[in-house]
Amino acid sequence: MATIQFIDALSHKDGVEEATRLFSDTFHEDCDGVWAAPGRVNLIGEHTDYNAGLCLPIALPHRTFVALKPRSDTHVRVVSSISPAAVAVADLAGLQAEGVKGWAAYPVGVAWALRQAGFEQVSGFDAAFVSCVPLGSGLSSSAAMTCSTALALDDVYGLGYGSSDAGRVTLIDAAMKSENDMAGASTGGLDQNASLRCTPGHALLLDCRPELTALENVSQQLFDLDKYNLELLVVDTQAPHQLNDGQYAQRRATCEAAARTLGVANLRVVSDRIAKSDDPFQSLKETLDRLPDETMKKRVRHVVTEIQRVRSFVHAFAQGDIAEAGRLFNASHDSLAADYQVTVPELDIAVDVARGNGAYGARMTGGGFGGSIIALVDKGRSQEVAGLIAREFTKQDFHAPRALAAYAAASGSREA
Ligand code: ADP
Ligand code: MG
């Protein structure tokens, strides 16, 4: 069987030590502290966040660690373990949206967004990032970076939002604004909420309706894989993943246009109406009949049915109906492939191999166009299923995939 590399999570000790060392080697002084925030996998509910829908992420044990120290001026210097010799610099004074290029836009954008939100005390900083979250793999390395930065700035500038779940929503807003307006990478909030609000052993049922308050929009759902003798295998296909090449923005724009045509604020309203109707199947058909073109009908069908699948998955998993939970994984993927059209051959083939080799269900996770798949398998089978996917990838002449063992881990926190 083909071998496949499993990416281990950085331990607390190693993450703190490596980030502290990178900081002192780069800036020749000690940091003030170390903070960390996780990547995530979304169990189900894909491309629903910007449609005011439902999604269900867990935080990964894989985290981005940042060693940080505030500065007395408005300058920012950042370094990453990915390229430890290259220090990126920026100045917060007079900074405009999209005024920083390259990866530094993510951390600099968080400070900029906090200042834009009125936190004028937030000023410059030096920071060193060390991460084990694969980049651009649909596992949210970007949110791990912006959310760890937000926690650090919250602490060193004494904002006081990091210590409560409701307060963290303010940090999530800054992390989102950084991605949307500084990095120019459109994001709907799922990743940042997962990174800062998940709790160990639980999936975060996130309701993205904008009218809900922070106290109303999440609920913690038990996600205990051990209880059902299961493992959640993540396979990073290593297919090139590019969300900011316009595809994501196009999907968003189509959904917004559909909502306008249907005379509603967002597609969630439509989804709820259909779910509550006497004959949801007929109601969906009538809704789709009102839309002008085939592409829009497909996009709307995905969003409407995917929101309902999140509810069904939560129910099935809580009941211990793993066959049904797996079926919903499969239906989600198939809808993303056929109707939302965001899969690539690597994702479809990885999913097929997992399904053909005993997975209860398998689906792509994240925005798509590359990235990762998840598969629900019996305990002890992850290695074998991952190896079979790697073997098929060799046959297909794809990049070698990588794997991770996922479970519901904790949200971001101060580490040292
Ligand atoms: P994902 O969030 O799924 O990993 P994105 O395209 O949203 O994919 O974000 C990936 C980008 O985030 C990278 O291209 C890089 O700019 C930035 N990034 C994330 N983590 C790091 C890191 N540890 N070091 C440097 N840049 C990072
Ligand atoms: Mg991202």
Side-chain angles (χ1 to χ4, degrees), residues 7 9-10 15 18-19 22-23 26 34-42 46-47 49-50 55 57 59-60 62-68 76-88 90 98 100-110 127-150 152 172 175-196 234-249 342 347 364-374 402 404 406 412:
I7 303 169
L10 266 172
E18 288 178 31
L22 180 61
F23 187 98
T26 307
V34 179
W35 294 258
R40 59 100 188 94
V41 287
N42 190 25
E46 218 65 78
H47 287 280
D49 59 350
Y50 55 83
C55 43
L60 285 171
H62 300 71
R63 295 159 88 82
T64 294
F65 289 76
V66 58
L68 186 143
V76 178
R77 297 186 295 176
V78 287
V79 66
S80 165
S81 57
I82 285 159
S83 178
V87 178
E98 305 206 5
V100 179
K101 298 295 164 221
W103 72 270
Y106 292 89
V108 174
V110 176
F129 293 88
V130 170
S131 182
C132 59
V133 184
L135 263 63
S137 299
L139 303 175
S140 247
S141 69
S142 57
M145 174 166 265
T146 52
C147 291
S148 57
T149 305
I172 288 165
M176 278 176 68
K177 191 171 169 68
S178 170
E179 294 211 32
N180 281 323
D181 299 345
M182 191 56 72
S186 195
T187 176
L190 152 66
D191 308 345
Q192 300 76 13
N193 273 280
S195 191
L196 287 178
V234 180
V235 176
D236 169 13
T237 64
Q238 302 255 54
H241 160 94
Q242 232 348 317
L243 269 190
N244 33 14
D245 68 349
Q247 291 282 352
Y248 181 94
V342 294
L347 292 168
M364 57 154 275
T365 186
F369 306 110
S372 300
I373 66 123
I374 52 176
R402 303 181 291 182
L404 277 77

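Reckoned from all heavy atoms, side chains included, excluding hydrogens, waters and symmetry mates. Each ligand, and each atom within it, is numbered from 1 in the order the structure gives.
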Heavy-atom distance under 4.5 Å between the side chains of T26 and P84, does that happen here? no
Where does S141 meet ligand 1, judged by heavy-atom distances below 4.0 Å: at the side chain, the backbone, both, or neither? both
Determine whether the side chains of S81 and E18 contain a donor N or O and an acceptor N or O closer than 3.5 Å. no
Under 4.0 Å, counting heavy atoms only: does G136 come that close to any atom of ligand 1? yes
For ligand 1, note which part of F129 has a heavy atom under 4.0 Å away: side chain, backbone, both or neither. neither
Hey, are the side chains of V234 and L139 touching, using non-hydrogen atoms and a 4.5 Å cut-off? yes
Examine all N, O or S atoms of S140, backbone included, and report whether one is under 2.8 Å from the Mg ion (ligand 2). no
For S80, atoms of ligand 1 separated by under 4.0 Å from a heavy atom: 22 (C), 23 (N), 24 (N), 25 (C)
So do V41 and L60 actually touch side chain to side chain, heavy atoms under 4.5 Å? yes
T365 backbone acceptor or donor facing N42 side chain under 3.5 Å: no
Would you say I82 contacts ligand 1, with heavy atoms under 4.0 Å as the rule? yes
Could you check if a side-chain atom of T64 sits within less than 4.5 angstrom of a side-chain atom of V130, using non-hydrogen atoms only? no
Looking at the rings of F129 and F23, which for Trp means the six-membered one, are their centres under 6.0 Å apart? no
Parallel, tilted or perpendicular: which fits the ring planes of Y248 and Y50, with parallel below 30° and perpendicular above 60°? perpendicular
Per-atom contacts, ligand 1 versus W103 - under 4.0 Å to a heavy atom: 15 (C), 16 (O), 25 (C), 26 (N)
Those atoms of ligand 1 less than 4.0 Å from some heavy atom in M145: 18 (N), 21 (C), 22 (C), 23 (N), 24 (N), 25 (C), 26 (N), 27 (C)
Just let me know how L139 lines up against ligand 1, side chain, backbone, both or neither, with a heavy-atom cut-off below 4.0 Å. backbone
Hey, which atoms in ligand 1 end up nearer than 4.0 Å to a heavy atom of S131? 23 (N)
Quick check on contacts: which atoms of ligand 1 are under 4.0 angstrom from a heavy atom of G138? 3 (O)
Taking atom 7 (O) of ligand 1 as the point of reference, which of S372, A183, S142 owns the nearest heavy atom? S142
